[in-house]
Trainee: 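Have a look at this one.
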Amino acid sequence: MVKIGLEVHVHLNTLNTKLFCSCSSNYEDKEPNTNVCPVCLGLPGALPVVNERALTMAVMVATALHMEISHILSFSRKHYFYPDMSKNYQITQYDGPGSTAIAYNGWIEINGKKIRIRRINIEEDPAKSIYPTGSILTSKYTLLDYNRSGIGLLEIVTEPDLENPKEARQFMEVLRSILEHLDVTNFELEGAMRADCNVSVEGGERVEVKNVGSPKDAEAAIAYEIARQNAALRSGVKIRRETRHWDSIRKVTVPLRSKETEEDYRYFPDPDLPPYYIPHETIDKIIKSMPELPESRIDRLIKQYGLDEYQAQVLVYQKQLADFFEEAAKEYKQYKRLANVIINEVQRRLNEREIELKNSKLSTEHLIKVLAMEDNGSISVKTMKDLIPKIIDGIDPEQYVIQNNLLIITDVTALENVINSVISKNIEVVRKAKQDPKVVDFLVGMVMKEVKKRANPKQVYELIQSKLREIS
Amino acid sequence: MDIEIELIRKLETLALLKLSEEEENNIINDIKKILDFFNTIQKAQLSDVEPLFHPIKSTHLRPDEVKNGLTKEEALANASSVEGGYIRGPRTGE
């Protein structure tokens with residue numbers, strides 16, 4: 001029995017400013033240490049003040065995760081010594097005397113199973129560490145960029161309810177979709193979501209794997225860790241409680257440090273941040289103004305477009321796909337077919353190229369053109385599928401089809417010429433076909449091959465049949 | 001409460017400090033004195049008083065509006081070691 005719990009950190013990177021100061025929360029592409037002030041540098045005497053929209057976002061996420069929301073916003077100091085945290089404490093939330101997390105006791109449903117969420121903390125991100133050798137293990141010193149220091153984060157902690165790597169991946173995907181629908185996190189930005197994965201196998205201690213950057217990596221890191229722990233136990237090695245680091249390039253976990261116990265962080269309420277009593281009306285107002293959530297969007301896609309549950313889930317759990325579907329559905333009304341092509345063909349081709357829909361040149365206009373050409377019989381199913389990678393590259397499908405001679409041959413004379421040629425080369429087969437109708441299909445196949453599938457098989461079958469009747 | 005040398009050593013580890021034997025002995029005495037003060041405070045009858053964690057009742061929040069911070073030169077002015085615009089800190093790998 002494997003037990004997996006996640007601590008997911010998500011950047012509140014759609015905020016304009018950091019959590020406790022008015023520095024911009026957009027730290028990308030800036031020179032190091034140019035997006036800082038006394039508060040996020042941790043200079044003595046600087047006073048933090050909470051960003052009100054960070055509270056709004058935390059309340060929205062807590063509501064979406066079916067949680068009980070605290071009516072007091074309070075912050076604690078978590079003490080540790082590390083170069084990325086110049087104050088020697090991180091401002092976070094804590095469940096203890098005089099302090100509380102923003103929300104408790106929620107859940108997300110995965111395949112009909114409830115994964116419980118213990119709590120959400122609002123906290124600040126530390127500075128970014130750069131290792132001169134590229135590796136934390138071999139660098140003699142650390143270089144620090146405080147541009148990221150103080151960015152608002154939510155730490156979302158689950159109960160150990162996940163039982164396998166795939167479930168952990170699905171959990172993160174559903175969570176990502178919720179955060180995208182709430183416009184709390186822009187996942188195109190680097191480090192938008194990171195997870196610490198707690199993994200324990202039967203007969204071993206809990207091992208924490210840090211630095212997991214995506215749902216896909218979570219699946220890989222947890223699978224690796226389960227295999228490593230089981231192999232160790234089989235050879236009689238004890239699994240000790242420790243923290244490991246996920247190396248996403250080598251796809252392995254490496255030991256980091258022995259785990260400090262919780263009391264060593266010496267939490268206490270931050271005297272710089274008096275508690276804030278959140279008025280009931282504020283919470284009600286935030287909840288009322290919330291955008292549509294994945295759960296209700298799935299229901300709506302089923303009702304409004306007649307999709308089945310699987311289709312609706314796949315689309316909504318990758319918000320970009322759902323947005324693209326709904327945009328195309330304004331013009332193209334065969335909704336189930338549209339959903340199928342997006343899920344099976346478009347998604348597969350995007351995955352092959354390892355690009356996101358948003359970063360491709362695919363337009364709803366081009367996809368609709370391709371589907372319409374197949375609908376009116378101008379192109380074959382195969383051509384339709386072959387066109388998907390072309391339109392992902394932004395190529396106009398109508399022009400491409402004409403330039404590359406991909407239109408279906410409907411001209412009877414042209415098809416008869418091909419059929420005559422096939423028949424004359426296969427006299428023996430033709431004789432058999434006259435006795436056994438199944439052999440006719442073989443001839444159809446040969447003709448289809450000859451025209452590179454650019455014909456309607458039903459039409460070819462009928463033409464061959466009438467030809468066979470002519471031959472005595 | 002007895003303050004043992006083991007506790008002092010643990011605090012040294014947590015605080016990344018290395019004390020001499022003499023300093024350790026001084027600290028033991030200091031901490032004993034500090035804890036004695038608290039023992040006196042502990043005697044106060046407070047069973048019918050709500051705990052107070054902050055003298056200020058409720059704080060205010062800040063609008064989410066960007067303001068200019070420090071220049072790079074100001075930001076790095078107090079760093080003891082700088083390299084290519086970064087602050088240089090100790091190694092973190094074991």
Side-chain angles (χ1 to χ4, degrees), chain A residues 15-17 20-25 31-41 43 49-55 73-74 79-84 86 97-99 127 129-132 135-146 255-257 260 264 266 269 271 273-277, chain B residues 1 6-19 27 31 34-35 38 41-42 46-47 49-94:
Chain A
L15 289 174
N16 297 322
T17 64
F20 297 113
C21 62
S22 301
C23 290
S24 171
S25 65
E31 260 192 84
N33 298 305
T34 56
N35 183 44
V36 291
C37 75
V39 173
C40 56
L41 278 174
L43 299 186
V49 187
V50 183
N51 183 337
E52 66 178 355
R53 269 186 71 223
L55 173 64
L73 176 67
S74 62
H79 296 84
Y80 64 90
F81 296 91
Y82 220 64
D84 64 8
S86 55
S99 56
S129 303
I130 313 277
Y131 306 106
S135 158
I136 187 172
L137 295 169
T138 54
S139 294
K140 297 261 189 300
Y141 57 92
T142 313
L143 294 175
L144 297 150
D145 174 9
Y146 275 80
L256 202 59
R257 59 173 182 228
E260 292 173 76
D264 288 347
R266 289 147 293 151
L273 286 156
Y276 176 74
Y277 293 86
Chain B
M1 180 182 172
E6 285 72 30
L7 176 64
I8 301 299
R9 299 250 161 89
K10 187 184 174 197
L11 291 172
E12 283 179 45
T13 310
L14 289 175
L16 300 184
L17 291 174
K18 183 79 202 95
L19 302 182
I27 285 269
I31 290 185
I34 292 167
L35 288 178
F38 279 97
I41 293 171
Q42 291 282 26
L46 295 168
S47 51
V49 180
E50 278 286 302
L52 176 76
F53 293 97
H54 206 281
I56 296 174
K57 266 217 155 161
S58 184
T59 186
H60 67 284
L61 305 178
R62 172 178 62 79
D64 186 28
E65 289 159 14
V66 177
K67 287 180 190 161
N68 281 337
L70 299 175
T71 64
K72 187 171 157 186
E73 289 67 35
E74 286 170 328
L76 299 176
N78 290 316
S80 56
S81 179
V82 171
E83 184 179 317
Y86 292 94
I87 294 166
R88 224 176 117 144
R91 69 178 296 176
T92 38
E94 269 169 10

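Here is how names work: the chains are called A, B, and so on, in the same order as the sequence lines, proteins then strands, and each is numbered from 1.
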Trainee: In terms of heavy-atom pairs under 4.5 Å, which option from B:Gly69, B:Gly84, B:Gly89 contacts chain A the most?
Mentor: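 The residue among B:Gly69, B:Gly84, B:Gly89 with the greatest pair count is B:Gly89.
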
Trainee: Once salt bridge (Lys or Arg N to Asp or Glu O under 4.0 Å) is applied, what residue pairs with a partner in residues 51-67 of chain B remain, sequence neighbours excluded?
Mentor: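 For residues 51-67 of chain B: A:Arg53-B:Asp64.
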
Trainee: For the backbone of A:Pro275 and the side chain of B:His54, can you confirm whether one donor and one acceptor N or O come within less than 3.5 Å of each other?
Mentor: no

Trainee: Work out which heavy atom in B:Ile27 is nearest to a heavy atom in B:Leu19; give both atom names and the distance.
Mentor: CG1-CD1, 4.0 Å

Trainee: Between chain B and each of A:Asp84, A:Thr138, A:Asn51, count heavy-atom pairs under 4.5 Å; write down the option with the most.
Mentor: A:Asn51

Trainee: Output the option from A:Gly98, A:Pro83, A:Pro274 having the highest count of non-hydrogen pairs under 4.5 Å with chain B.
Mentor: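 It is A:Pro274.
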
Trainee: Please report the shortest heavy-atom distance between A:Arg266 and A:His79, naming the atom on each side.
Mentor: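 So the minimum-distance heavy-atom pair works out to O-ND1, 2.7 Å.
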
Trainee: Which atoms of B:Pro51 are under 4.5 Å from chain A, going by heavy atoms: the side chain, the backbone, both sets, or neither?
Mentor: neither

Trainee: Heavy-atom distance under 4.5 Å to chain B: side chain of A:Pro269, backbone, both or neither?
Mentor: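 Side chain only.
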
Trainee: Which bit of B:Leu76 comes within less than 4.5 Å of chain A, counting heavy atoms only: side chain, backbone, both or neither?
Mentor: side chain

Trainee: What heavy-atom pair brings A:Tyr141 and A:Pro132 nearest, and what distance separates the two atoms?
Mentor: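 Minimum heavy-atom separation between A:Tyr141 and A:Pro132: O-CD, 3.1 Å.
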
Trainee: Enumerate donor-acceptor pairs with a distance under 3.5 Å from any side-chain N or O in residues 31-41 of chain A to protein atoms, sequence neighbours excluded.
Mentor:
{"residue": "A:Glu31", "atom": "OE1", "partner": "B:Lys72", "partner atom": "NZ", "Å": "2.6"}
{"residue": "A:Asn33", "atom": "OD1", "partner": "A:Tyr146", "partner atom": "N", "Å": "2.8"}
{"residue": "A:Asn33", "atom": "ND2", "partner": "A:Leu144", "partner atom": "O", "Å": "3.1"}
{"residue": "A:Asn33", "atom": "ND2", "partner": "B:Gly85", "partner atom": "O", "Å": "2.7"}
{"residue": "A:Thr34", "atom": "OG1", "partner": "A:Glu31", "partner atom": "O", "Å": "2.6"}
{"residue": "A:Asn35", "atom": "OD1", "partner": "A:Ser24", "partner atom": "N", "Å": "3.4"}
{"residue": "A:Asn35", "atom": "ND2", "partner": "A:Ser24", "partner atom": "O", "Å": "2.9"}
{"residue": "A:Asn35", "atom": "ND2", "partner": "A:Asn147", "partner atom": "O", "Å": "3.3"}

Trainee: Looking at A:Ile130, A:Leu273, A:Leu43, which has the largest count of heavy-atom pairs under 4.5 Å with chain B?
Mentor: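 Highest number of heavy-atom pairs under 4.5 Å: A:Ile130.
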
